[in-house]
Colleague: 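Please find one structure pasted underneath; my questions will follow.
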Amino acid sequence: MADYDMLNYIDGMWTGKDLPKIEVTNPATGEVIGTVPSAGGDEAKHAIQAAEAAFSAWSQKTADERGDLLMKVYDLMIKDKEALARLMTIENGKPLRESRGEALYAASFLKWFAEEGKRVYGRTVPGAAPNHRIKVIKQPVGVVAAITPWNFPAAMITRKMAPALAAGCTFIVRPPRQTPLTALKIAEYCEQAGVPKGVVNIICGGHGPITDAFMANPAVRKITFTGSTDVGRYLLKASAEQIKKVSMELGGHAPVIVCDDADLDAAVSQTIASKFRNSGQTCVCANRIYVQSDVYDRFVDKFVTAVRSTLTVGNGLDESVNFGPLIDGKAYEKVDGQVKEAIEKGAVLLTGGKGRAENGAYFYQPTVLKDATEGMDIMHTETFGPVAPIQKFETIDEAISLANDTPYGLAAYFFTNDVRRGTRLSEALDYGIVGWNDGLPSTAQAPFGGVKESGLGREGGSEGIEEYLETKYVSLRV
Ligand code: SIN
């Protein structure tokens, strides 16, 4: 028997033991570590009904009461953070150090939104006539359905669930088939904290039938999604039918610009942190690195030396490992294909460039390519893997134009200590998130999200809760 055999959590009950099972495997070993039920449209309908029934009482609680419950979930997650981190490592592959970081990151959204819920202010506006008053109030949108990715099995749930609950919405999440166990752990914390039944529902199963049920049901007023741009596009089109509210955190293709005045050691360490986080499998990972010609050779040398000496590939349960496997064979093929194509087109391989695929586990070495050019696929298509292609540029105008030459607009990074240059770059880069001498900008306090084909809406910050609120205006004649 696998270590984790878990059930879906719907209407405060653990359900689905008679359904077919989805096997969950450890990407570092290929071993089955657990199973979850494979639910479909009927179970999704049940979850929607439960969330709809729970909405009235939940939305009428005070923000303090909802905040207290979110803080209880936070406390339970913090208390259990080591077990949660181990679970993330075995189902996602990320090294323990990163999983521990994710447990704290995930919990931070619960704490942040427990407080933000208390600051959902309306306003009073002077009326158009002496006897006219205008009151603007904010109200929860209703039942929220979330579809979350495998790369952050906990944080991408709490970044949606915490603001939804704080705003007074009820919540259903369909986690990915690769990492459903962490999602169900979060349901356990909610249950233990006393979150009322139906307020949080976690349903594992087929993407198609569950998504169709979300889309067909008018009770679902909001869809929130993190994942690929293609799936986001599909969900946007499907949401149009009932004009559901949407938040989409989609693909990225983050540029890094290293200017000739930059602190090169800081640029190297921050770029490595951004590029190789989660083995390159985040939407905000650096995807292409542009370095100004005067410092190109020095940056490249320092970067390759640091990649070779600081990253240890292996099973993330081993405390000495800080670089885990890719999620699956498809990811491996994509990375390997991009590296081969870039080398064929003239990129120079400095380290890495190969992997190891055995028994369902896919490791790819941290890879650095220099002399990349615009004609290479890797300079245009999100890699979602551990490859750092480096290209030379001459002027800041050229760097801005290269960086903005993409349909994506999630995160961009640049390194300079010149305030004028930095101000110009931060305003000219067409991205939702800009890291200035900072390769890891994600935090609960800030509004995370993209422009162009990278998405709609923001998660985190004070903006994050707005996504779960409707604005109503009350026009009063006195
Ligand atoms: C993502 O990859 O979708 C999220 C990354 C982050 O929160 O930093």
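One-based numbering, in listed order, for ligands and for the atoms of each.
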Colleague: Give the residues near ligand 1 by chain and number, with the criterion being a heavy-atom distance under 4.0 Å.
Modeller: Y105, N151, F152, M156, R159, T226, E249, R277, T282, C283, V284, S442, F448
Colleague: What pairs with R100 under salt bridge (charged side-chain N to carboxylate O under 4.0 Å, His left out), at least two apart in sequence or on another chain?
Modeller: E82, E319
Colleague: According to the side-chain hydrogen bond (donor to acceptor under 3.5 Å, both in side chains) rule, which pairs have a member within residues 352-364, sequence neighbours left out?
Modeller: D336-Y364, R356-E358
Colleague: Could you name each residue pair satisfying side-chain hydrogen bond (donor to acceptor under 3.5 Å, both in side chains) that touches residues 104-114, not counting sequence neighbours?
Modeller: Y105-R159
Colleague: Side chains of T182 and E91: is there a donor and an acceptor less than 3.5 Å apart?
Modeller: yes
Colleague: Show your working on side-chain contact (heavy atoms from CB on, under 4.5 Å) between K222 and C169 and close with a plain yes or no.
Modeller: CA-CA 10 Å; K222 159 126 195 164; C169 299; over 6 Å; no
Colleague: Does a donor on one side chain sit under 3.5 Å from an acceptor on the other, for S279 and Q281?
Modeller: no
